[in-house]
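Just so you know, these numbers use all the heavy atoms, side chains as well, and skip hydrogens, waters and symmetry mates. In the text below, chain A, chain B and the rest are named by the order of the sequence lines, each starting its count at 1. In this text the structure is predicted, and so the values were computed from the model without any measurement.
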Amino acid sequence: MVRVAITGFGAVSAAGIGAEALWQAARDGVSGVRPLDMPRSETLRVRIAAGVPEFDAAALLGGSVPRTSERFSQFAMVAAAEAVAQSGITAEQLAGRRSATIIGTGVGGVGTIDDNCYLFYSEQHSGVRGEAMSVPRVMPSSAVSHVSIAHGITGPSFGIVSACASGAQSIGVAMQMIRSGMVDRALAGGTEACITPVTMRGWEMLRVLSPRACQPFSADRTGMVLGEGAAVFLLESEESAHARGATVLAWLDGYGTSSDARDMIQPDAEGAATAMREALADAGVTPGQIGYVNAHGTGTVLNDVNEAAALRAVFGEAIQSVPVSSSKPILGHTLGAAGALELVVAVQALRHQMVPPQVNLTRPDPKCALNLPTGAAQPADLDAVLSNSFAFGGINAVLLVRRAP
Amino acid sequence: MTDSDVNMAPPAEPERGPAPTEWPVLPEEGMLDKILKIVVDEGKVEADAVQPVATLESLGLISIDVISILMGIEEEFDVYLPMSEELSSARNLAELIAVMVAQMRPDELKSIG
């Protein structure tokens, strides 16, 4: 089978611009959750979020920012440019029919929807012009099209929409497309920018937003914190990477996905466990070879117990010897970007042979009972790492990366 | 039952005292009646069925009803109650209300940094 290499990756997150800023925050346990600073949000109860600080699209994209792009597309463009630069691929090598762009999002351009609705429904703004480019800004495929345009990628381009599994599924499907021979390489990842007042209110109403902090697997956890950002990977067939003399940063060896087919909100441990088992089988890796699991770990009551149960089902009692941590106290829950941003953490853990800690663990929940390292990042001998993503609607996606020698 | 079902059994839960059988004593006069009215209105249950030892199951309440009740509490008392472990594991209505009122305390909302 064709093996798929990761030769570049980029990120925009609450930790700032760049994959290195993201890794440093995850490694050192520095949270990007901040007090909410947003117009028209006075009536929100929850006053914290993990927004991207000081995002200057024009400066980052080298001048002109397309009027047809909004925040979630701009995040993806910045992350993709970083991935391309890191990979050393030339513009000529990347452009054309043999490359794909697969970038998922959970929500799409809700910032523009929010602004236009505010103007359109408000009498005091009657006659005020809305955003004329709202249609191309809002569509969930806007990010992927902007990235394809920026890099001249004329092969398959689409986004996968599966809520909080969108990023992981986009990367997994891109991997399968390369394996099948359909393309030689792909820019793949996830992006999200939905910290808007009405979106925040929607999450509040579900009672899953914490008013104080995201505390995965902690008995006193009170929910998730909304985040935003993007991560994009350059994936290449082994042959393609070697032909251009690229450095392989890690191997993307496993992708498993499943649907609970049970409930829109309530997760199912068997569905989550199935996705993990499929990722392991896809990679030909046993649970005993997994050195670290980057958990979905949202900090909600339901997810964390369910994920711990699924991990126990897959690993058995051996789960007690596998370090597990969730990056969401640091990055927030970035929904459609989460699977991609957290794969950056997984890949960097492999490359640096370090296990990032679980932060905000004030009181481990006995119902979760996992090996959750706290304090400083621990050196470890990592050969294979799992990254979990579980979405509302019961969609599960798990990626497995292995160390490149 | 398969092996994986067995493996998925969570570790033994820590011992809890018996579930309460009486309504909790609340900090404000009339607060209990307001909360019970929200349970009746938002949960669409018969007032007579709203007893301290009633369970969510016995009242026929599912998660979306509990979310509606928490929204009603938010609007009445101007507090935000996220779903917590204590809320989700309350064994009867008396315990649920005691946990909700405990979580309304402002110090519960402080940032932990």
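- Looking at A/Asp365, only its side chain comes within 4.5 Å of chain B, counting heavy atoms on both sides.
- In this structure, the side chain of B/Tyr80 engages the main chain of A/Leu209 through a donor-acceptor pair within 3.5 Å.
- Remark: A/Arg363 does not engage B/Glu85 in a salt bridge, criterion side-chain N to carboxylate O under 4.0 Å.
- For B/Ile64, the CD1 atom counts as loosely surrounded, since its 6.0 Å shell holds 12 or fewer non-hydrogen atoms of other residues, nucleotides or ligands.
- Within 6.0 Å of the CD atom in A/Glu42, the count of heavy atoms belonging to other residues, nucleotides or ligands exceeds 12.
- Summarising the geometry of A/Val301 relative to B/Met83, their closest heavy-atom pair is CG2-O, 3.4 Å, with the distance given to 0.1 Å.
- Taking both residues in full, the closest heavy atoms of A/Lys367 and B/Ser89 are given as NZ-CB, 4.1 Å, listed atom of the first, atom of the second, then distance.
- For a residue to count as touching a neighbouring chain, one of its non-hydrogen atoms must lie under 4.5 Å from one of that chain's; by this rule A/Val314 does not touch chain B.
- The shortest side-chain heavy-atom distance between A/Arg212 and B/Pro82 does not fall under the 4.5 Å cut-off.
- Within 6.0 Å of atom CZ in A/Arg40, more than 12 heavy atoms from other residues, nucleotides or ligands are found, so the atom counts as buried in its surroundings.
- Under the 4.5 Å side-chain criterion, counting only non-hydrogen atoms from C-beta, A/Arg45 is in contact with B/Asp78.
- Neither the backbone nor the side chain of A/Gln266 has a heavy atom closer than 4.5 Å to any heavy atom of chain B.
- Taking a cutoff of 4.0 Å between a charged side-chain nitrogen and a carboxylate oxygen, B/Glu74 and A/Arg201 qualify as a salt bridge.
- For A/Leu206, the parts lying near chain B are the backbone and the side chain together; criterion is any non-hydrogen pair under 4.5 Å.
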